[in-house]
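Remarks on the structure that follows.
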Amino acid sequence: MSGVTREEVQVIVDEAFASHELREQELVDKRLEQFRHEMVPDGKTRPHKDYHQTLIDAARAAENAEQERAKMYVAMQAKIIEKGIEGVFGTLKILVLLGIGALALKLGIKVPDWLRAFL
């Protein structure tokens, strides 16, 4: 019985792996080329890159617009609150003045005629 040596088996296995690796690399290269052709059919990558850059720029512009809207919303809320507080204090001021005028009338203090019209 003739036997195969360990070294011969190693050579056979190494050759089989090398052959397999070459076939796999060819298959990967072929599929990458098919993918490239599907993504860029005319072979010109510049329009493809420009298209993606346009999408990126549009997304950034939308994000910036959303941030500006948020800032504007916060500023609008602050202005509404400010005007509301001014209105409350303005109303309180009028009520205090009317109260002082009514008290003055009750105590018999002379008040201007324009103030009497409101009391």
request  = Decide yes or no on side chain to side chain contact (heavy atoms under 4.5 Å, CB included) for Val11 and Glu7, but give the supporting numbers first.
outcome  = CA-CA 6 Å; Val11 168; Glu7 290 78 23; 5.6 Å; no
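Between the CG atom in Asp29 and the CD atom in Gln34 there is a gap of 11.5 Å [rounded to 0.5 Å]. How far CG of Leu22 is from CD of Gln25: 8.5 Å, rounded to the nearest 0.5 Å.
Evaluation of the ring pair (Phe, Tyr, Trp, His ring centres under 6.0 Å) test over residues 52-84, restricted to residues two or more places apart or in two chains, returns His48-His52.
Phe17 and Val9 fall within the same hydrophobic cluster, where Ile, Leu, Val, Met, Phe, Trp and Tyr residues are linked whenever their side-chain heavy atoms come under 4.5 Å apart, directly or through other members.
In summary, Glu66 and Arg69 engage in a salt bridge, as defined by a charged side-chain N under 4.0 Å from a carboxylate O. A salt bridge links Glu33 with Arg36: the closest approach of a Lys/Arg side-chain nitrogen to an acidic carboxylate oxygen falls below 4.0 angstrom.
A donor and an acceptor atom, one from each side chain of Glu68 and Asn64, are nowhere located under 3.5 Å apart.
The closest donor-acceptor contact from the side chain of Thr54 to the backbone of Asp50 lies under 3.5 Å.
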Per-pair distances, 0.1 Å, donor-acceptor, side chain in residues 78-101, under 3.5 Å, sequence neighbours excluded:
residue: Thr91; atom: OG1; partner: Gly87; partner atom: O; Å: 2.8

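Enclosure of atom CD in Gln53 by more than 12 non-hydrogen atoms of other residues, nucleotides or ligands within 6.0 angstrom is indicated.
Two residues are said to be in side-chain contact when any heavy atoms from C-beta on lie closer than 4.5 Å; Val28 and Arg31 fail this criterion. Arg60 has its side chain within reach of Ile56: a pair of non-hydrogen atoms, C-beta onward, lies under 4.5 Å apart.
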